[in-house]
Amino acid sequence: MAKIPFKEQMRRVREDAIVSSVNRLLAEKGFDAMTVDEVAADVGIAKASLYKHFESKEELAAAAMVRVLDQALGYIETLEADKTATPLAQLKAVARWTMQVQLAGEMPSLPAQNSALRSALAAHKVYLDRLMEVSDRLGAWITAAQKAGQISAELPPELVLYTLFARACDPVLGVLKATGQYSDEQIIELLLTTCFKGLGER
């Protein structure tokens, strides 16, 4: 295995620090409120140095999303290794993971409507590749769960997928946490129940 040059090691370390900062700031403030100046100050580098790694605020957000998707894929792979788990159990585990990440303040918060960001993400090949891979793997579980009668076959699979994605940015988690009435685990259980069982009387 070829040794990575020291300069390249330092570049990777700095980019990792930048993306970590962006991820935290996006989770705390959201895309619109976060500034490139804040990221540079948080990392402890000049703004000009930051732009040597990432050309725009949109590219910073894309890098943060790629990191989260990589983490999601890593988690999905651990779930796939358990051959005894049902598709429904795997989907619930992914939903639980996304909510844990959000409650830990580590889920980037991106606006639903932002043409510049949407265009940047639509043109970001690595982001799109990761998103498609996550979608395909979850889609396979959704289809299997529907065939097994664990999820209603009347629901379009893409609707189920988008519902799961929505848990990663569900504002209800923050609202419930702010009340101080529930632990993180209780909040997650409540939202898992409404997500997978609905609001009907049980």
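Position 1 is the first residue of the sequence, and the numbers go up from there.
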List the steps, then state whether side chain to side chain contact (heavy atoms under 4.5 Å, CB included) holds for Trp141 with Glu80. CA-CA 10 Å; Trp141 287 343; Glu80 288 176 336; 3.6 Å; yes

Sequence neighbours left out, what pairs pass ring-ring contact (aromatic ring centres under 6.0 Å, His included) with at least one residue falling in residues 66-110? Tyr75-Trp97

Does the side chain to side chain contact (heavy atoms under 4.5 Å, CB included) test come out yes or no for Ser109 and Gln102, once each step is laid out? CA-CA 9 Å; Ser109 177; Gln102 186 185 353; over 6 Å; no

Between [X] and [Y], which heavy-atom pair has the shortest distance, and what is it?
X	Y	value
Tyr127	His124	N-ND1, 3.1 Å
Ala145	Pro87	N-CB, 3.7 Å
Val134	Ile76	CG1-CD1, 4.2 Å
Ala40	Leu50	N-CD1, 3.7 Å
Ala33	Lys29	CB-O, 3.5 Å
Phe31	Pro111	CB-CD, 3.3 Å

Decide, yes or no, whether a salt bridge links [X] with [Y] under the criterion of side-chain N to carboxylate O below 4.0 Å.
X	Y	result
Arg24	Glu38	no
Asp16	Arg12	no
Glu8	Arg11	yes

Would a 4.5 Å heavy-atom cut-off, applied to side chains only, mark Gln90 and Arg137 as touching?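 Contact flag for Gln90/Arg137 side chains = no.
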
Under 4.5 Å between any side-chain heavy atoms of Leu110 and Leu121, yes or no?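 They are in contact (side-chain heavy atoms under 4.5 Å apart), so the answer is yes.
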
Can you check side chain to side chain contact (heavy atoms under 4.5 Å, CB included) on Leu25 and Glu28, steps first, answer last? CA-CA 5 Å; Leu25 289 169; Glu28 289 176 3; 4.2 Å; yes

Does any pair with a residue in residues 153-168 pass side-chain hydrogen bond (donor to acceptor under 3.5 Å, both in side chains), and if so which ones, sequence neighbours excluded?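 Residue pairs passing side-chain hydrogen bond (donor to acceptor under 3.5 Å, both in side chains), neighbours aside: Arg167-Asp170.
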
[Y] backbone acceptor or donor facing [X] side chain under 3.5 Å:
X	Y	result
Ser21	Ala17	no
Gln146	Ile151	no
Lys177	Val172	no

Once rounded to the nearest 0.5 Å, what's the spacing between atom [atom1] of [X] and atom [atom2] of [Y]?
X	Y	atom1	atom2	result
Ile142	Leu164	CD1	CG	5.5 Å
Ser135	Leu69	OG	CG	8.5 Å
Gln71	Arg130	CD	CZ	12.0 Å
Phe196	Leu91	CZ	CG	5.5 Å
Lys52	Ile45	NZ	CD1	9.5 Å
Leu191	Gln186	CG	CD	12.5 Å

With the 4.5 Å side-chain cut-off for hydrophobic clustering, are [X] and [Y] part of the same group?
X	Y	answer
Val126	Val68	yes
Met99	Leu190	yes
Leu73	Val94	yes
Val13	Phe54	no
Leu192	Leu159	yes

Does the side chain to side chain contact (heavy atoms under 4.5 Å, CB included) test come out yes or no for Phe165 and Thr98, once each step is laid out? CA-CA 8 Å; Phe165 279 156; Thr98 61; over 6 Å; no

Can you see whether Thr35 engages Asp37 through a side-chain donor-acceptor pair at a distance of less than 3.5 angstrom? no

Is atom CD of Gln9 surrounded by more than 12 heavy atoms (other residues, nucleotides or ligands) closer than 6.0 Å?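 Yes, enclosed.
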
